[in-house]
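Down below is the structure, laid out as structure tokens.
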Amino acid sequence: MNQSGERTMNSGSVKVLLTSGRTLSQGRAMEKGKITSDYEDAVAVCELDTTAMETLGIENGETVVVKSGIGEIAVKAKLNKDLHPGMAFIPCGPYFNYLLDSYTQHTGMPGFKSLAVTINAAQGTKISTVEELAKIIKEGK
Amino acid sequence: MTEVKDIFKDVPCTFCGCLCDDIIIEVDGNRIIKNTNGCAISKERFLGHAENRCLKPTVNGKSVPLEKAVERAVEIIASSKRLLIYGLSSTENDAQREAYRLAELTGGVVDNTTSVCHGPTILGAQESGEATAALAEVRHRSDLVIYWGANPAAAHPRHIPHYIRQPGEYIKDPKKDRQIWLVDVRTTTTSRMVDRFIRIEPGTDLEVIQTLRALIRGNKLDVSEVGGISIADLEKMATSMKTAKYGVLFFGLGLTQSYGRHRNIDAALRLIQDLNAYTKWGLMPMRGHYNVSGANKTSTWVTGYPYAVDFARGYPRFQPGEYTAVDMLARGDADALLNIAADPVAHFPREAVAYLAKIPVINIDPKINMTSKIAEVNIPAAIAGIECDGAATRMDGLPLYLRKVIDPPEGVIPDRDILRMMIKSLEKVIK
């Protein structure tokens, strides 16, 4: 997003402000257990608005790669018609946090709500399972 | 007690800070078969209690007796120079108190999940004071309820239906006599449940709150809009807030985790204080984990501080940004982690998690979580409020007694007893 808050597009990629938060399915899956496909289905998704989906040329459920200043991760795109242009949303969990830096403004609290990211279509890219993600983190990749 | 055979009434739900205490749990043998009154997440918590469980203690992935796992945990703790104890928000008060004892004994740091949820709320309240309310008082009296940066439909599913859209002593018709607003940066399920949705631009909470404060004081502003809302609309909001008989502001992580952090809360608190010059207003954080509010209270009773407490000098010191878990891990300060009833690997930023993978981790949790996958020592625990009793604190500060409705899996004991075993063993080592 540029300084005036407009979404900028660049040959099939979108730059958006990524935010995270709770969803009902994330809460239910978390209570069932994190090492479950339910949890992965609930948190390895990125909600995008209609124009972002069109710009990326993707359909609901296709894979996108979300890239921040410190890393990138593949998640499933999910159309959210109510989302305001210029914003994207990933439910709170390990996939969002993989993109997040640790700066806390000296409060202890990282910036879970405002991450500048670039999103690209990535059809065919494998989405890591929760266990694979834990292994990637453990191996320091 | 109202149990009839295997039906437990008035069971507090140990999912979120609402601690709804009207849940009816039906048990068949040692299995929960029905949850009446609970929300969708509550049903998953109770009915899915046996799923994804950690049933045996492990050290380096190998099953060991509990005593052996505790022995290894004690070795790690005793040899660490800067132990971090973290979590505690999804367990009961007695376990929290044992964790503080352990921190004092080892000269370590103890932090709870507040640091990544409503830590800035506490910092704001320390700056400005807090005009709070009880949930029952809100139900009986409030004619204007504002949610700010919160999505209770997803995170606290019964907050609106159980506490807000209910008649009270002075609110006979909750749909007609009580207005519910939502201020947020995005349209959510909650925005479709409220009477009025006010969308603001991301990162403008502080400006919008300060504008409302200025308008409530009668100041004229020479701008046409703030945070994407016209001054005319903000003036109408200010007038409605001033003329409410009893208003309440519930705020979520949209306020604490966004740019400004505790300054947003500081401003919100002062907004409420300003409004109290004209009418009655209170505010309340939408606490997430069922006993994160309790973690703050027990930590304050025992150490004098609500989170981020360091015992390195033998007495407690409080310094967010210094002794908060994310900062300690990102800086590489801790040389061992004792994690209780939380999942930092799933919920911390990448850099902090990457460091966690380099130090010995002891993980106490009823279920297998992402932290289990990197922990050297995993110790299963009974689920508080389902498999053991205890006490927890609701988001408004009301303490409630948690119920045991079934037995834990064989050999699995409550967090507090695991911690007591560690303390007993440590006291022999550290003399």
Side-chain angles (χ1 to χ4, degrees), chain A residues 1 5 17 19-36 38-39 43 47 68 70-71 73 80-84 86-87 89 91-94 96-114 130-131 133-135 137-141, chain B residues 15 40-41 44-45 48 51-53 111 115-116 119-120 123 151 153-155 157 185-189 191 199 201-203 253-254 256-259 261-262 288 307-308 320-321 324-327 329-330 343 345-354 356-358 367-370 372-374:
Chain A
M1 197 164 67
L17 192 65
T19 185
S20 74
R22 300 286 310 278
T23 67
L24 196 62
S25 56
Q26 173 262 345
R28 291 183 66 179
M30 186 172 66
E31 285 305 314
K32 188 175 182 182
K34 292 216 178 73
I35 312 300
T36 60
D38 286 15
Y39 184 65
V43 297
E47 295 182 14
S68 73
I70 65 158
I73 197 154
N80 180 347
K81 288 177 183 171
D82 293 328
L83 205 58
H84 199 268
M87 290 185 72
F89 175 86
C92 63
F96 176 86
N97 294 337
Y98 195 75
L99 303 167
L100 181 63
D101 64 89
S102 294
Y103 181 54
T104 71
Q105 296 184 356
H106 312 288
T107 66
M109 176 72 82
F112 290 103
K113 296 294 182 188
S114 48
V130 172
E131 287 206 67
L133 194 55
K135 198 175 171 199
I137 293 164
K138 192 175 181 179
E139 290 169 357
K141 289 178 186 170
Chain B
F15 167 61
I41 304 176
E44 200 69 69
R45 180 169 178 81
E51 292 195 48
N52 208 214
R53 291 298 292 262
D111 189 27
S115 62
V116 291
L123 299 183
N151 186 11
V185 299
R186 63 190 181 99
T187 306
T188 60
T189 312
S191 65
R199 187 196 175 263
E201 294 293 337
L253 303 188
T256 65
Q257 292 182 336
S258 57
Y259 188 72
R261 310 290 201 277
H262 59 297
Y307 66 106
T324 30
V326 169
D327 299 282
L329 296 173
D343 192 1
V345 172
H347 294 288
F348 278 3
R350 181 178 166 183
E351 194 183 359
V353 175
L356 259 187
K358 296 176 188 164
K367 299 216 172 189
I368 300 167
N369 58 22
M370 285 188 74
S372 315
K373 296 290 174 184
I374 69 153

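In what follows, chains carry the letters A, B, and so on, assigned in the order in which the sequence lines appear, proteins first and then strands, with residues in each chain numbered from 1.
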At a heavy-atom distance under 4.5 Å, which candidate from B:Ala308, B:Ala357, B:Ala40 has the highest pair count against chain A?
B:Ala40
Applying a strict 4.5 Å limit to non-hydrogen atoms, the region of B:Arg199 in contact with chain A is side chain
Counting heavy-atom pairs closer than 4.5 Å to chain A, which one of B:Gly321, B:Ala330, B:Gly254 comes out on top?
B:Gly321
Quick one: does A:Lys113's side chain get under 4.5 Å of B:Val185's, heavy atoms only?
no
Can you tell me if A:Thr36 and B:Asn52 form a side-chain donor-acceptor pair at under 3.5 Å?
no
Under the criterion side-chain contact (heavy atoms from CB on, under 4.5 Å), I'd like the reasoning laid out for A:Ile70 against B:Arg350: C-alpha separation, chi angles, the key distance, then a yes or no.
CA-CA 9 Å; A:Ile70 65 158; B:Arg350 181 178 166 183; 4.2 Å; yes
Who wins among B:Arg53, B:Arg261, B:Lys358 for the most heavy-atom pairs under 4.5 Å with chain A?
B:Arg261
Which answer fits B:Lys367, side chain, backbone, both or neither, if we ask what part of it has an atom under 4.5 Å from a heavy atom of chain A?
side chain
Return the option, out of B:Gly203, B:Pro320, B:Gly119, with the maximum number of heavy-atom pairs under 4.5 Å with chain A.
B:Pro320
Any idea which heavy atoms bring B:Ile41 and A:Gly27 closest together, and the distance?
CG2-O, 3.6 Å
Hey, which of B:Ile374, B:Leu356, B:Val345 has the most heavy atom pairs under 4.5 Å with chain A?
B:Ile374
Between OG1 of A:Thr19 and CD of B:Gln257, what distance do you get to the nearest 0.5 Å?
8.0 Å
I want to check something: taking the side chain as every heavy atom from C-beta on, are A:Arg22 and B:Asn151 in contact at a cut-off of under 4.5 Å?
no
Which pair of non-hydrogen atoms, one from B:Met370 and one from A:Pro94, has the smallest distance, and what is that distance?
SD-CG, 3.4 Å
Considering all heavy atoms of both residues, which atom of A:Gly108 and which atom of B:Thr324 are nearest to each other, and what is their separation?
CA-OG1, 3.4 Å
Return the option, out of A:Ser20, A:Ser114, A:Gly93, A:Cys92, with the maximum number of heavy-atom pairs under 4.5 Å with chain B.
A:Gly93
Contacting moiety of B:Ala153, where chain A heavy atoms sit under 4.5 Å:
backbone
State which residues pass side chain to side chain contact (heavy atoms under 4.5 Å, CB included) with B:His262; sequence neighbours excluded, sorted by chain then number.
A:Thr107, B:Pro120, B:Leu123
Chain A contact via B:Ser372 - side chain, backbone, both or neither, heavy atoms under 4.5 Å:
neither
Criterion side-chain contact (heavy atoms from CB on, under 4.5 Å) on B:Asp343 and A:Met30, from CA distance to verdict:
CA-CA 10 Å; B:Asp343 192 1; A:Met30 186 172 66; over 6 Å; no
B:Ala155 versus chain A, heavy atoms under 4.5 Å apart: side chain, backbone, both or neither?
both
Within a strict 4.5 Å, meaning less than it, do heavy atoms of the B:Val116 and A:Pro110 side chains meet?
yes
Of the backbone (N, CA, C, O) and the side chain (C-beta and beyond), which part of A:Tyr39 lies under 4.5 Å from a heavy atom of chain B, both, or neither?
side chain
Out of A:Gln26, A:Glu131, A:Lys32, A:His106, which one racks up the most heavy-atom pairs below 4.5 Å with chain B?
A:Lys32
How long is the span from the NZ atom in A:Lys34 to the NE2 atom in B:His347, to the nearest 0.5 Å?
4.0 Å
From B:Thr189 atom OG1 to A:Asp82 atom CG, the distance as rounded to the nearest 0.5 Å
9.0 Å
Which one, B:Pro157, B:Gly48, B:Ser258, B:Ala354, leads in non-hydrogen pairs under 4.5 Å with chain A?
B:Ser258
Would you mind checking which part of B:Arg186 comes under 4.5 Å of any heavy atom in chain A, side chain (CB onward), backbone (N, CA, C, O), both or neither?
side chain
For B:Tyr307, enumerate each residue passing the ring pair (Phe, Tyr, Trp, His ring centres under 6.0 Å) test, keeping only those at least two apart in sequence or located in another chain.
B:Phe318
